[in-house]
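What follows is a single structure, written as structure tokens, with notes after it.
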Amino acid sequence: MSRSKRKWDHIQLALETGQESQTGFSDITFIHQSLPDTSLELADLTAKIGELRLSSPIFINGMTGGGGERTLEINRSLAIAARELGLAVSVGSQMSAIKDPAERKTYEVVREEFPNGIIIGNLGSEASIDQAKAAVDMIEANALQIHLNVVQELTMPEGDRDFCGAIKRIEAIVNHAGVPVIVKEVGFGTNKEAVSQLQSIGVTAVDVGGFGGTNFARIENHRRKSALTYFDDWGIPTAVSIAEARQAAGQLSVLGSGGIQSCMDIAKAIALGADAVGVAGYFLKILITDGIEALIEEMKAIHDDLAIIMTALGARTINELQQAPLIIAGSTHHWLNERGIPTIKYSQRTIR
């Protein structure tokens, strides 16, 4: 099967299989503040990924490209929506265009539509230094995502089976790509040990890509003759993964993604330690189902609602929202305490 056909299959199956809604955010409850000592007009949504300054903590995460005209039009629309709100936007894996130059336009359209925006390139951990530089040059990327998708590859009929040396390849890209490097999981979550390794080689940010959103194991199982069903529920829930990443990140930026579907999910992700939050499947479904205008309106509504939630909590900035007190219950509480991350620290803290 061609890469182009596989890319389009992934889009269709992502829409058909939906999202798991097993992110762990239902275990998180904010502690109400009767005296928030702020106002809505003081809510400041600016954020940072490393040294990249963002007008919003929300970014459009990598979804597609390399699937011909249909993925070109999706990326065009996502770029226009990002431009309207000033959001950072990531493209899907660019390896298709590196191996088939005819697919370059499906990625280049993002920079064409958003010439002054923060655009993030994307390659897998198998990429070489030269491929990383080519991906950056292709879209004049401000940063480069290196995605980790071991379980997807193992489930994919034509996927990779050898994952040796990934950390060394990522380190080489960090040292030579010329832009900040973000390492991103693809729907299975990131643990604190992996974050420690990535921190030690100088990556700028880790995108946790937690379990609970688009399930690439289920997608690939739909494409197999004999399903590897044991991978259908495999992964670290997004809420847990953000907390694990924050525990080990040090000065790394932590990006929360994986099944983010509402302003409350975004607020909880930030309060658990995310510096910014990536949304993919939720935005894609709105775009495909209702069109670009509906997507732009939803994005505006999410930003308005996030500012309202911040005001209710007494948080004037994203940094302050990261200190909002909350209660962690259920399996998320159990997981974090078993992993040596005491949840009491979240409930006892104050914003100021």
Side-chain angles (χ1 to χ4, degrees), residues 23-61 85-88 118 205-208 210 237-279 282 298-329 332-333 336 341-352:
T23 57
F25 289 125
S26 61
D27 289 337
I28 312 301
T29 304
F30 283 115
I31 297 175
H32 170 62
Q33 302 298 311
S34 297
L35 295 168
D37 193 30
T38 190
S39 67
L40 185 59
E41 66 180 12
L42 294 176
D44 179 359
L45 298 185
T46 57
K48 290 178 66 178
I49 298 175
E51 296 304 313
L52 293 175
R53 295 184 177 275
L54 313 179
S55 62
S56 165
I58 304 165
F59 66 97
I60 300 174
N61 222 339
L85 280 84
L87 306 186
I118 292 177
V206 173
D207 184 338
V208 304
T238 301
V240 171
S241 197
I242 292 169
E244 286 222 9
R246 185 76 276 163
Q247 176 81 0
Q251 297 303 307
L252 286 185
S253 294
V254 173
L255 312 182
S257 69
I260 305 292
Q261 299 190 54
S262 70
C263 57
M264 186 58 75
D265 286 348
I266 293 166
K268 289 178 178 180
I270 294 169
L272 285 167
D275 297 294
V277 178
V279 184
Y282 180 67
E298 177 64 10
M299 288 177 169
K300 289 178 179 177
I302 287 174
H303 281 84
D304 291 344
D305 288 342
L306 179 59
I308 290 171
I309 291 170
M310 289 173 62
T311 304
L313 293 169
R316 300 180 183 184
T317 66
I318 296 304
N319 286 342
E320 289 189 351
L321 180 56
Q322 289 178 318
Q323 295 302 313
L326 50 81
I327 299 294
I328 301 177
T332 303
H333 175 275
L336 292 178
I341 303 172
T343 54
I344 194 171
K345 68 180 182 180
Y346 295 93
S347 63
Q348 299 296 314
R349 66 192 185 182
T350 57
I351 288 177
R352 55 180 177 272

Atom of [X], atom of [Y] and distance for their closest heavy-atom approach:
X: Ala324; Y: Phe30; value: CB-CE2, 4.1 Å
X: Gly86; Y: Ser55; value: O-OG, 2.7 Å
X: Gly278; Y: Ser257; value: O-CB, 3.5 Å
X: Ile31; Y: Ser347; value: CD1-O, 3.8 Å
X: Pro237; Y: Thr23; value: CB-O, 3.4 Å
X: Gly314; Y: Thr38; value: CA-CG2, 3.8 Å

Could I get the full list of side chain to side chain donor-acceptor pair (under 3.5 Å) partners for [X], not counting sequence neighbours?
X: His333; result: Asn337, Thr343
X: Asp275; result: Arg246, Gln322
X: Asp305; result: none
X: Arg352; result: Glu320

Quick one: [atom1] on [X] to [atom2] on [Y], what's the gap to the nearest 0.5 Å?
X: Asn61; Y: Ile260; atom1: CG; atom2: CD1; answer: 10.0 Å
X: Ile309; Y: Asp304; atom1: CD1; atom2: CG; answer: 11.5 Å
X: Ile351; Y: Leu313; atom1: CD1; atom2: CG; answer: 6.0 Å
X: Leu321; Y: Gln323; atom1: CG; atom2: CD; answer: 9.5 Å
X: Ile118; Y: Ser56; atom1: CD1; atom2: OG; answer: 10.5 Å
X: Ser241; Y: Asp207; atom1: OG; atom2: CG; answer: 9.0 Å

Using the test side chain to side chain contact (heavy atoms under 4.5 Å, CB included), find all partners of [X] that sit at least two apart in sequence or belong to another chain.
X: Ala243; answer: Leu336, Tyr346
X: Thr29; answer: none
X: Leu85; answer: Leu87, Ile296, Met299, Lys300, His303
X: Pro57; answer: Leu45, Ala47, Ile270, Leu306, Ile318

Are side-chain heavy atoms of Tyr282 and Ile302 found at a separation under 4.5 Å?
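Side chain of Tyr282 against side chain of Ile302, heavy atoms only: contact under 4.5 Å found.
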Side chains of Phe25 and Thr332 in contact at under 4.5 Å (non-hydrogen atoms) =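 Side chain of Phe25 against side chain of Thr332, heavy atoms only: no contact under 4.5 Å found.
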(Q) Using only atom types and a distance under 3.5 Å, with no angle test, would you say the side chain of Thr238 pairs donor to acceptor with the backbone of Gly258? (A) yes
- Query: Has the side chain of Arg316 got a donor or acceptor atom that lies under 3.5 Å from a matching backbone atom of Leu42?
  - Reply: no
The salt bridge (Lys or Arg N to Asp or Glu O under 4.0 Å) partners of Glu298 (sequence neighbours excluded) come to none
May I ask you to check whether over 12 heavy atoms, not counting those of Leu40, lie within 6.0 Å of atom CG?
yes
Tell me, which pairs form a salt bridge (Lys or Arg N to Asp or Glu O under 4.0 Å) where one or both residues lie in residues 263-272, sequence neighbours left out?
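Salt bridge (Lys or Arg N to Asp or Glu O under 4.0 Å) check on residues 263-272 returns no pairs.
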Residues pairing under salt bridge (Lys or Arg N to Asp or Glu O under 4.0 Å) where one sits in residues 27-49, two or more places apart or in two chains, turn out to be Lys48-Glu51
Taking only distance into account, with no hydrogens and no angle test, what donor-acceptor pairs under 3.5 Å do side-chain atoms of residues 247-254 form with protein atoms, sequence neighbours excluded?
{"from": "Gln247", "atom 1": "OE1", "to": "Lys345", "atom 2": "NZ", "distance (Å)": "3.1"}
{"from": "Ser253", "atom 1": "OG", "to": "Gly50", "atom 2": "N", "distance (Å)": "2.8"}

